[in-house]
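Worksheet: the structure to be examined is printed underneath.
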Amino acid sequence: MDVRHETASVYLFARFGPLWRLGVIEHPRHGGWMVPGGHTRPGEGPEQAAVRETIEETGYRPRLLPAAGRTLPADYPHPEAMPAEPPPGSAPWWAVAIPAGPDRRHPERHTHVDHVHVGVVDRPYGPRGPAEHPFRWVTASELETLDAPADNRILGAALFELMPATTAAGRSRTPLDDDLRRELLRRRDIDQAFRTSLPATVTEEVAAQWAAMDNDNTEWLRQVIDRAGWPGRSLCGDEASDAAWLLAQHADRRPHLQEAWVDLLAEAVTAGDAEPRHLAFLEDRISVRATREQWFGTQHHKSLTGQWEPISVRDLEGVDQRRAENGLESLSENTKRINDSN
């Protein structure tokens, strides 16, 4: 009798600047590395199991990508357990039959019907919960020699090739909105002119003008995002997309909006529709407000000596790599430039 157990796995990708990486966990019993996944629970569908297992094993919540109607690589070792063309929009990309040896769930050899999902983490530096297993991100070249099951390496390599186009295709593309572009640039110019002309001592009148400008920009941007989503380069062009980020960065008086917008910006970055450095700045802005710590060192304050210095940075040894991945100069160069200009 062929005993079959339903399982779900997730090929979990994240974009680190221009570089894609695949998330893998250390196998809890056999060692080596593998993509997260596990058995479905009673009353649980494959998609629910995929999300739950990923959260439990990695600490990250995945955003599952809809099935793209792709065929498995020719050298993939396991047969499909359902038609090659899954229902449009379904989360599992494939279901495959994988032979399994005796385990704590079944004392005899059996078959895992594994529902293979593909997902992304839009904010790999951002919020992450506790993980059951050691976890790491690997590049395509690292995957080639990784101590991992052959099926993970073969399918992972194929998916690396598909990620840029797949994530870009999943983002709604609208014609360039020239009116929006012009208005974003107009508001940016007013914002920057005001900030660069601030006096050494800000009076109550100037502070009120400052607050009024930021509040007006924030409310206007909220209406734009509610209507059209994050203003990425496909909607308004590179320069105006930069302006949209600047207005969001200055929306500190409505932090709940920044916390909602960072997720939309992160999805745009994953799809290649926004600059990674924009996400780095907004991530740090939100993190510093919540914890007085940051990942990228983009937020500075004046020290007791009167010099500008970065607010506390997590994993300081790795900050320059993170900054380089996101198109930023080194932290020391940035801090020097800030002090030289002030």
Side-chain angles (χ1 to χ4, degrees), residues 12-21 61-70 88-89 91 93 118-126 159-192 217-251 257-286 296 298 323-328:
L12 186 68
F13 288 88
R15 189 170 186 161
F16 295 78
L19 188 66
W20 286 94
R21 292 191 174 103
R61 173 175 289 277
R63 176 167 63 91
L64 298 182
L65 302 178
R70 304 283 184 172
W93 285 40
V118 180
V120 293
V121 174
D122 295 306
R123 300 171 63 190
Y125 305 104
L159 289 170
F160 264 111
E161 298 292 327
L162 299 177
M163 289 310 298
T166 300
T167 52
R171 184 164 172 79
S172 177
R173 302 285 175 168
T174 56
L176 187 71
D177 187 331
D178 199 51
D179 289 340
L180 175 61
R181 182 189 66 81
R182 286 196 298 268
E183 181 62 12
L184 278 165
L185 296 179
R186 185 188 74 83
R187 288 176 179 267
R188 178 207 61 187
D189 291 345
I190 292 172
D191 173 283
Q192 291 299 281
N217 284 338
T218 299
E219 176 57 23
W220 177 83
L221 184 62
R222 182 195 65 78
Q223 294 177 22
V224 169
I225 292 174
D226 285 351
R227 181 182 73 251
W230 182 262
R233 54 169 62 101
S234 63
L235 179 63
C236 56
D238 287 332
E239 189 180 7
S241 179
D242 187 86
W245 156 74
L246 189 71
L247 299 186
Q249 192 79 357
H250 293 161
L257 289 180
Q258 287 182 322
E259 290 161 12
W261 293 345
V262 72
D263 288 325
L264 301 179
L265 172 57
E267 287 191 26
V269 170
T270 297
D273 200 32
E275 287 290 336
R277 61 184 174 85
H278 293 166
L279 180 58
F281 272 88
L282 192 53
E283 287 271 20
D284 276 359
R285 193 85 155 203
I286 293 169
F296 302 96
T298 65
R323 290 179 64 88
E325 288 172 345
N326 288 273
L328 300 170

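Note that these values count all heavy atoms, side chains included, but never hydrogens, waters or copies made by symmetry. In this text the structure is predicted, and so the values were computed from the model without any measurement.
From His278, atom NE2 reaches atom CG of Leu282 across 10.5 Å, with rounding to the nearest 0.5 Å. Here the CG-CG distance, from Leu159 to Leu12, works out to 11.5 Å after rounding to the nearest 0.5 Å.
Nearest approach of Pro276 to Val269, heavy atoms of both residues: CA-CG1, 4.0 Å. Considering every non-hydrogen atom in both Trp93 and Pro66, the closest pair reads NE1-O, 3.4 Å. In plain terms, the two heavy atoms of Val120 and Trp20 that are nearest each other are CG1-CZ3, 4.4 Å. Shortest non-hydrogen contact noted between Ser241 and Cys236 is N-SG, 3.6 Å.
Side-chain atoms of Asn326 and Glu275, non-hydrogen and from C-beta on, never get closer than 4.5 Å to each other. Side-chain contact between Val262 and Gln258: absent, with no pair of heavy atoms (C-beta onward) separated by less than 4.5 Å. For the pair Leu176/Leu235, no side-chain contact is recorded, criterion being any heavy-atom separation below 4.5 Å from C-beta on. By the 4.5 Å heavy-atom criterion applied to side chains, Leu64 and Val118 are not counted as neighbours.
For Asp189, there are no side chain to side chain donor-acceptor pair (under 3.5 Å) partners at least two apart in sequence or on another chain. Remark: Thr298 engages Asp284 in a side chain to side chain donor-acceptor pair (under 3.5 Å) (not counting sequence neighbours). Not counting sequence neighbours, Asp177 has no partner by the salt bridge (charged side-chain N to carboxylate O under 4.0 Å, His left out) test. Phe16 pairs by the ring pair (Phe, Tyr, Trp, His ring centres under 6.0 Å) definition with Tyr125, Trp137, not counting sequence neighbours. With sequence neighbours excluded, the residues satisfying side chain to side chain contact (heavy atoms under 4.5 Å, CB included) with Ile190 are Arg186, Met213. Scanning for ring pair (Phe, Tyr, Trp, His ring centres under 6.0 Å) contacts around Phe281 gives Trp245, with sequence neighbours left out. Contacts of Arg123 classified as side chain to side chain donor-acceptor pair (under 3.5 Å), with partners at least two apart in sequence or in another chain: Asp263, Glu283. Under the side chain to side chain donor-acceptor pair (under 3.5 Å) criterion, Asp122 pairs with Arg63, Thr270, not counting sequence neighbours. For Arg187, the salt bridge (charged side-chain N to carboxylate O under 4.0 Å, His left out) partners are Glu183, Asp216, not counting sequence neighbours. Checked against salt bridge (charged side-chain N to carboxylate O under 4.0 Å, His left out), Asp242 has the following partners two or more places apart in sequence or in another chain: Arg277. Partners of Arg323 under the salt bridge (charged side-chain N to carboxylate O under 4.0 Å, His left out) rule, at least two apart in sequence or in another chain, do not exist in this structure.
Enclosure of atom CD in Glu161 is not indicated, since only 12 or fewer non-hydrogen atoms of other residues, nucleotides or ligands lie within 6.0 angstrom.
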(message) Between Leu184 and Leu247, does the side-chain contact (heavy atoms from CB on, under 4.5 Å) criterion hold? Intermediate values first, please.
(response) CA-CA 9 Å; Leu184 278 165; Leu247 299 186; 4.1 Å; yes

(message) The test is side-chain contact (heavy atoms from CB on, under 4.5 Å); show your working for Arg188 and Glu239 and say whether it passes.
(response) CA-CA 10 Å; Arg188 178 207 61 187; Glu239 189 180 7; 3.0 Å; yes

(message) What verdict does the salt bridge (charged side-chain N to carboxylate O under 4.0 Å, His left out) test give for Arg285 and Glu259, after you've listed the backbone C-alpha separation in whole Å, the side-chain angles of each residue and the deciding distance to 0.1 Å?
(response) CA-CA 10 Å; Arg285 193 85 155 203; Glu259 290 161 12; over 6 Å; no

Anything under 3.5 Å between a donor and an acceptor, one on a side chain of residues 224-231, the other on a protein residue two or more places apart or in another chain? List them.
from: Asp226; atom 1: OD2; to: Arg222; atom 2: NH1; distance (Å): 2.6

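Checked for salt-bridge contact, Asp238 and Arg233 meet the test: a charged N lies under 4.0 Å from a carboxylate O.
A donor atom on one side chain and an acceptor atom on the other are found under 3.5 Å apart for Asp191 and His250.
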